[in-house]
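This structure is a prediction, so every number in the text was calculated from the model and none was measured. In listed order, ligands and their atoms are each counted from 1.
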Amino acid sequence: MKVRGRAYRTIWPVPDGSAVEVIDQTKLPHRFATVRLVSAGDAAQAIRGMVVRGAPLIGATAAYGLALALREDASDEALDRAHGDLLATRPTAVNLRWALDRVRDAVRNRRRDVRAQEAWREAAAICDEDVETCRRIGEHGFVLLRDAAAAKPGQTVNVLTHCNAGWLACVDWGTALAPIYLAHDAGLPVHVWVDETRPRNQGASLTAFELGSHGVPHTVIADNAGGHLMQTKRVDLAITGTDRVARNGDVANKIGTYLKALAARDNGVPFYVALPSSTIDWTVPSGDAIPIEERGQTEVTHISGRLPDGSIASVEVTPQGSAAANPAFDITPARLVSGFITERGICDAGEAGLRSLFPEGGLGGAEQEQS
Ligand code: MRU
């Protein structure tokens, strides 16, 4: 997607192939800066420090991180160590494990002198495929927006989204936002309610930045406003992304997603989840087995933003001494999800729906019982 007229992906190799660059998402929306990752340690630090975030982009960054590790040491031990170190950076998004396993599997049986090169190629393929996958998610989700527009001719289609599941969370296009970009580009009158998404404000800072850069009409709302907007008929549908979908269709996504799904169900608002198949964890039977990341208290006790002089500051919003809790994700039960928008089409949110589109996917039958 474009930033100030220039097309970007969120991660790209530098021309001489010695490193990858990423957009520093901790600086957005007030500053657009890039960071160079030259080692597996840099990649791990970028993921842990939220320089890059969003399930598909975490996976893509880790894939390049593993390739960078193999340049220093291509032994089996180094491969397993770097795989483990990168996997430990964040616990919830399964795309991280998916991408790391894919790179490790691609090089495991290769000669040591070609491993780094093969891993680099695989990481690049993961990125290219992610772009195409998200574009397809966009095409399938576009149909929902086109139908919603047809149901209210001449009026704006209002979509609510949570966190950031746009191109900044992926390599390009995004998942939940891809249908919105396609609809906007096709001339459909679409407007997005952007949940601010406390505590880190990925909605207010990243989704609003993305949509604004592309000219998509949007309004940032406090997280608590969504239920009211649904009750007063100002939301036509909700679309979010996800960090991991369990085999039964339960959805892990940014904290607060569950409350939006509850409000949507109570108000008859369709609630869709957009995902690439790399986000399905066939090994996890249901959402209660998905690890939920606990993050630091200061993300809750403090908030950062731009001061009138242009400098960025962090200010405290709670009384000193108050404890804070910061679970970063929650589980939305499959029964609250109207459907999954995937690269192969839209399906029911449940194991049968997932298997109808991805019959080759993971554990089932006897395997399932043993797992
Ligand atoms: O903590 P984050 O910013 O990595 O959380 C991101 C989300 O929750 C996204 O909604 C999710 O990764 C889907 S990305 C297409």
Between Asn164 and the options Gln202, Gln25, Arg53, Lys254, the side-chain hydrogen bond (donor to acceptor under 3.5 Å, both in side chains) test singles out Arg53
- How about Tyr258 and Phe329: are their ring centres within less than 6.0 Å of each other? no
Counting only non-hydrogen atoms and a 4.0 Å cut-off, the residues near ligand 1 are Met50, Arg53, Gly54, Ala55, Pro56, Arg90, Cys163, Asn164, Ala165, Ala169, Cys170, Thr175, Gln202, Gly241, Thr242, Asp243, Asn253, Lys254, Phe329
Enumerate the residue pairs fulfilling salt bridge (charged side-chain N to carboxylate O under 4.0 Å, His left out) with a member in [range], sequence neighbours excluded, ordered by first and then second residue.
| range | result |
| --- | --- |
| residues 191-202 | Asp195-Lys260, Arg200-Glu299 |
| residues 150-177 | Lys152-Asp236 |
| residues 307-334 | none |

* Asked: Is Arg244 close enough and on-axis enough to Trp98, meaning under 6.0 Å and within 45°, for cation-pi?
  -> no
